[in-house]
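These notes are about the structure you will find just below.
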2 protein chains.
Amino acid sequence: MKRTVQESGGKRKAGLEELRRRLDERGGHMTRQRAAVYDYLSGVEHHPTAEEVFLNVKRRIPKISLATVYKNLEALVACEAISKLTYGDGSARYDIRTDHHYHTRCLGCGRMWDLEAARGKSALEQIKPQPGFAVSDFRLELLGHCEDCRG
Amino acid sequence: MKRTVQESGGKRKAGLEELRRRLDERGGHMTRQRAAVYDYLSGVEHHPTAEEVFLNVKRRIPKISLATVYKNLEALVACEAISKLTYGDGSARYDIRTDHHYHTRCLGCGRMWDLEAARGKSALEQIKPQPGFAVSDFRLELLGHCEDCRG
DNA sequence: TCCAAAATAAGAATTATTCTCACCTTGCTC
DNA sequence: GAGCAAGGTGAGAATAATTCTTATTTTGGA
């Protein structure tokens, strides 16, 4: 499992200590399973589905159940340690980053990547909604085909 | 059931004749059920779920089955007579418009509205993905609170 | 009218996700 | 470090949205 650290700009991923603090705030506990889920997400560069997280964490904790993975992902989202990506077809994906950014999604293989928010923010701010509507957030996805799927 | 016609700009909804032509092209047939599904979508201003379409079409064709509604929605999407909106949480929604446009979604009441593509297109085209990724489409949602939900 | 391809109804099956509940851990407090 | 209450876990059942299956019916052209 490759462990690459993301670089440059924005609030990125927090360490386990920070995670524990956040869990504490909401009366949550740190468990082996929870740490493993968080750790797996910290170590991958794409945005896996719950199933993928389950299969990978299972290698470390063979008896972990899928429901536990789901509940931990939910808990991590609740304490803002990770974020849930619900656009896209099929299943939700989870992202270690909680800073504001957008995604590219390959229509061939379904994989998703990060798109730097900086690249889109000013462009998006030019877009005005109907009168009376107060925009608080943007969701943006670029769809297309990745290098591997273009052949 | 209110039947309002959308106005101004872009390729909007096609009539039943146009629909028949499009179905023909792909070897599809026009059926009473298919026409009813299309007709229902043409007559509403929001973007209903398959369930909503089913319940409403059922009033005209009591014996229609939910699977038929799903298959018809799929067929209509395939011949580009309608489009499927899969962002958002929960179930997919269907939209009579197939021209390229975006949506605003109220976080208070969940309703969705159209956002003119013209307002976003040039802004979005400034956004560049990672090298090697060929963008074929954008999906954009503005999240916030509508006039009614701001009180 | 005849026919092959396509569509339908009904319900079973699948997929992603959440719930249930008996038992086990965590993180205090003493 | 033992005791305890709140929270977490695992296994499987339950649910929700969607798709598949199959026998029967419709459609649109020859």
Side-chain angles (χ1 to χ4, degrees), chain A residues 16-17 19-40 47-55 57-79 81-82 84-94 110 112, chain B residues 16-17 19-39 47-55 57-79 81-82 84-94 110:
Chain A
L16 280 183
E17 279 321 304
L19 174 57
R20 178 180 288 269
R21 199 186 55 69
R22 288 177 186 223
L23 287 167
D24 252 17
E25 267 175 9
R26 327 184 94 247
H29 294 167
M30 173 65 98
T31 65
R32 205 158 63 91
Q33 292 83 343
R34 192 157 289 175
V37 165
Y38 185 77
D39 202 42
Y40 172 69
H47 305 321
T49 60
E51 185 75 17
E52 273 178 83
V53 175
F54 172 62
L55 291 174
V57 169
K58 214 175 163 62
R59 305 204 300 224
R60 281 217 266 159
I61 307 179
K63 294 205 50 135
I64 197 168
S65 94
L66 180 56
T68 298
V69 169
Y70 271 105
K71 280 201 270 181
N72 279 327
L73 289 169
E74 189 188 333
L76 294 175
V77 169
C79 72
I82 67 173
K84 184 178 183 178
L85 313 177
T86 51
Y87 28 6
D89 313 300
S91 24
R93 291 171 173 273
Y94 295 86
M112 294 180 74
Chain B
L16 280 183
E17 280 321 303
L19 175 56
R20 178 181 286 269
R21 198 187 55 69
R22 288 179 185 220
L23 287 168
D24 252 18
E25 267 174 10
R26 326 184 95 246
H29 295 166
M30 173 64 99
T31 65
R32 206 158 63 91
Q33 290 84 344
R34 192 158 289 176
V37 165
Y38 184 78
D39 201 43
H47 305 320
T49 60
E51 185 74 17
E52 273 178 85
V53 175
F54 172 62
L55 291 174
V57 169
K58 214 175 161 62
R59 305 203 301 223
R60 282 218 265 159
I61 306 179
K63 296 204 51 139
I64 197 170
S65 94
L66 180 55
T68 297
V69 169
Y70 271 104
K71 280 203 268 177
N72 279 327
L73 289 169
E74 190 189 333
L76 294 175
V77 169
C79 72
I82 66 173
K84 184 177 183 178
L85 312 177
T86 52
Y87 26 10
D89 315 299
S91 25
R93 291 172 172 273
Y94 295 86

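Computation of the quantities below employed the complete heavy-atom set of this structure, encompassing side-chain atoms and omitting hydrogens, waters and symmetry-equivalent molecules. Naming: A, B, ... by sequence-line order, numbering from 1 per chain.
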Practice task
Would you mind reading off the bend of the helix from C:dT1-D:dA30 to C:dC30-D:dG1 from its two end axes, five pairs each, to 10 degrees?
Solution key: 30°
Problem - Listed partners of B:Arg21 passing side-chain contact (heavy atoms from CB on, under 4.5 Å), at least two apart - result: B:Glu18, B:Glu25
Completion exercise
Going 5' to 3' through nucleotides 11-17 of chain C and flagging B where a protein heavy-atom sits under 4.0 Å of the base, S where only the sugar-phosphate is that close, and - otherwise, we get B----SB
Exercise for the section: Show your reasoning for whether side-chain contact (heavy atoms from CB on, under 4.5 Å) applies to B:Arg32 and B:Ile64. Expected result: CA-CA 10 Å; B:Arg32 206 158 63 91; B:Ile64 197 170; over 6 Å; no
Practice task
Compare every heavy atom of A:Tyr40 with every heavy atom of A:Pro48, then report the nearest pair and how far apart it is.
Solution key: CG-CE2, 3.9 Å
Exercise for the section: Can you sort out the partners of B:Thr49 under side-chain contact (heavy atoms from CB on, under 4.5 Å), two or more places apart, ordered by chain and number? Expected result: B:Glu51, B:Glu52, B:Ser91, B:Arg93
Handout entry: Sequence-distant partners of B:Ala50, side-chain contact (heavy atoms from CB on, under 4.5 Å), two or more places apart
Key = B:Tyr70, B:Leu73, B:Tyr94
Problem - Pairs where residues 62-77 of chain B contributes a residue and the test salt bridge (Lys or Arg N to Asp or Glu O under 4.0 Å) is met, not counting sequence neighbours - result: none
Completion exercise
Closest heavy-atom pair, B:Cys79 versus B:Arg26, reported as atoms and distance to 0.1 Å, is CB-CD, 3.5 Å
Problem - 5'-most by nearest nucleotide on DNA chain C - B:Gly27 or B:Ile61 - result: B:Gly27
Fill in the blank from the handout: Tightest non-hydrogen contact, residues A:Arg60 and A:Ala36, listed as NH2-CA, 3.6 Å
Completion exercise
Of all heavy-atom pairs linking B:Ala92 and B:Lys84, the shortest is CB-CE, 3.7 Å
Exercise for the section: Go through DNA chain D in 5' to 3' direction and return only the first and the last nucleotide with some atom under 4.0 Å of chain B's heavy atoms. Expected result: D:dA17 to D:dG28
Exercise for the section: Report yes if the side chains of B:Lys58 and B:Val69 come closer than 4.5 Å at any heavy-atom pair, otherwise no. Expected result: no
Practice task
Taking all non-hydrogen atoms of both residues into account, name the closest pair between B:Leu19 and B:Tyr38 and its distance.
Solution key: CD2-CG, 3.5 Å
Practice task
Do nucleotides 21-30 of chain C as a string where each nucleotide becomes B, S or -: B if the base has a protein heavy atom under 4.0 Å, S if just the sugar-phosphate does, - if no protein is that close.
Solution key: -----BS---
Exercise for the section: With sequence neighbours excluded, tell me which residues meet side-chain contact (heavy atoms from CB on, under 4.5 Å) with B:Thr31. Expected result: B:Gln33, B:Arg34
